[in-house]
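Dropping the structure in here first, questions after.
Since the structure is predicted, the reported quantities are computational estimates derived from the model, not experimental observations. Chain A is the first sequence line, chain B the second, and so forth, proteins listed ahead of strands; every chain is numbered from 1.
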Protein chains: 2
Amino acid sequence: MESSLDNTMLALADPTRRAILARLEEGEARVTDLAAPFDISLNSVSKHIRILERADLVRRRREGREHFLSFNPAPLDDAAAWIEARRAFWTKRLDALERALVADDENNGRRKSK
Amino acid sequence: MESSLDNTMLALADPTRRAILARLEEGEARVTDLAAPFDISLNSVSKHIRILERADLVRRRREGREHFLSFNPAPLDDAAAWIEARRAFWTKRLDALERALVADDENNGRRKSK
DNA sequence: CCGATATTCATCCTTTTCGGTGAATATCAG
DNA sequence: CTGATATTCACCGAAAAGGATGAATATCGG
C-alpha cells in the first residue's frame, strides 16, 4: 500500500532534490546540467532524478543521447492539500480558543466540552 | 547539513505518521491511544512518534506514566511555503503561456482556439 | 510490597536511501 | 570505424527506516 503522497513527500525530503526542482523552474535541463552545481557524482544525481520521477514530479524527454527533464508540479497539489488541511484546522482551532476565552471572560463561567 | 525541512517532509512521508497527526487534531492522546487503530506494535508507533518529535510536529507532556502527545503545526509553515513557492511559479508560468498563445492568435488567426 | 499499566530501551531483521566506482549502452562528430 | 559524450546499469557500503520481540523502567492502585 504505497500512497503517491508518500512518494511525493519523500521526494521533497532531500535538499538536493528540492534544489533540482527549483532549478527546473528555469526550464528543461539535462542530467549533466542538473548535476553540475552539486558535489556528488553524476550517478547519484541520476538516482535522485529517478526518485523525483517515481513521484511524477519530473518528466523525461529523450532526444538522442540527451535526456531533458522538466518539472511537473501536479503532485504538489495533494501534498499542499494535506498540509493545508492540517493548518486550516489549526487556525480554526485557535480562533475557537480565542472565542472561548472571550466568552469565558464575559460570563466568567466554567465550561467543559465533549 | 540537515535541514529541518528535511525532517518535516520525511515525517510526512508515511501514512501512519500522517494518520497520527490527523488524529491529534482531535486533541491530546497517549501513545497507547495513538497506536490503537494500527496493526503494528506499540513499539513501532513509539518510533513513528519519535520521528514526528524530531520534526517538532509533535510535543510531549508527561503526566505520571502517561505521555500525552499534542500536535504542533508550526513546522508545516515552511513545508507549505516551499511547496507554494513552486506552485506559484507554475501558475505564473501557465499564465505567461496563455498570454503567448493569445498573442499568437492575434498575429495569425489560423490557430484553433479552445 | 505486588501486580498491572504505560512507555522506552536494546536488539535483530529486512528494505531503502544515499553516496561511491566501474562497466555497459547509445548516440554524436569526424 | 573511432573516439568522445550522455546516461544508465550493476555492484558495494554505510546509514536509516520500519517492523518485530523481549527486557527494563517508572508509575499507579491496592
Nearest-Å distance, CE (A/M9) to C1' (C/dT16)? 19 Å
Is there a side-chain contact between A/R30 and the phosphate of D/dT8, meaning an N or O under 4.0 Å from OP1 or OP2? no
Looking at B/R50 and B/E53, is there a salt bridge between them, counting it only when a charged N and a carboxylate O are closer than 4.0 Å? no
What contact category does A/L42 fall into here, base, sugar-phosphate, or nothing, at under 4.0 angstrom with non-hydrogen atoms? base
With a 4.5 Å cut-off on side-chain heavy atoms, are B/E66 and B/T32 touching? no
Do the side-chain N or O atoms of B/H48 get closer than 4.0 angstrom to the phosphate oxygens (OP1, OP2) of D/dA17? no
Rounded to whole Å, please give me the gap between CZ in A/R60 and P in D/dA6. 15 Å
Do B/L5 and B/I51 belong together in a cluster built from hydrophobic side chains that touch within less than 4.5 Å? no
Indicate yes or no for a side-chain donor-acceptor contact from B/S46 to the backbone of B/L42 under 3.5 Å, with no hydrogens or angles considered. no
May I ask you to test the B/F68-B/R30 pair for a side-chain heavy-atom distance under 4.5 Å? yes
Euclidean distance, atom CD1 of residue B/I51 to atom P of C/dT17 [Å, nearest integer]: 14 Å
Under 4.0 angstrom, heavy atoms only, what part of the nucleic acid is B/S41 near: base, sugar-phosphate, or nothing? base
Value in whole Å for how far the C1' atom of D/dA16 lies from CG of B/D14: 14 Å
Side-chain donor/acceptor pairs under 3.5 Å, residues 9-22 of chain A, sequence neighbours excluded:
residue, atom, partner, partner atom, Å
A/D14, OD1, A/T16, N, 2.8
A/D14, OD1, A/R17, N, 3.1
A/R17, NE, A/A11, O, 2.9
A/R17, NH1, A/H48, ND1, 3.0
A/R17, NH2, A/L10, O, 3.1
A/R18, NH1, A/L12, O, 2.7
A/R18, NH1, B/D6, OD1, 2.9
A/R18, NH2, B/D6, OD1, 2.7

Side chain A/N72, main chain A/D56, donor-acceptor under 3.5 Å: yes
Whole-Å distance, B/K47 NZ to C/dT14 P, equals 14 Å
Any B/S44 side-chain N or O less than 4.0 Å from OP1/OP2 of D/dG18: no
Could you give the CD1-to-C1' distance, from B/I49 to D/dG18, as a whole number of Å? 14 Å
Check whether any side-chain nitrogen or oxygen of A/S46 sits under 4.0 Å from OP1 or OP2 of D/dT7, and answer yes or no. no
Dump every N/O contact between nucleotides 23-30 of chain C and the protein below 3.5 Å, one line per pair.
residue, atom, partner, partner atom, Å
C/dT27, O2, A/R65, NH1, 3.3

In whole angstroms, the gap separating P of D/dG18 from CZ of B/R18 amounts to 11 Å
Looking at B/R50, does any N or O in its side chain come under 4.0 Å of the phosphate oxygens OP1/OP2 on D/dA17? no
Could you give the CZ-to-C1' distance, from B/R54 to C/dT8, as a whole number of Å? 17 Å
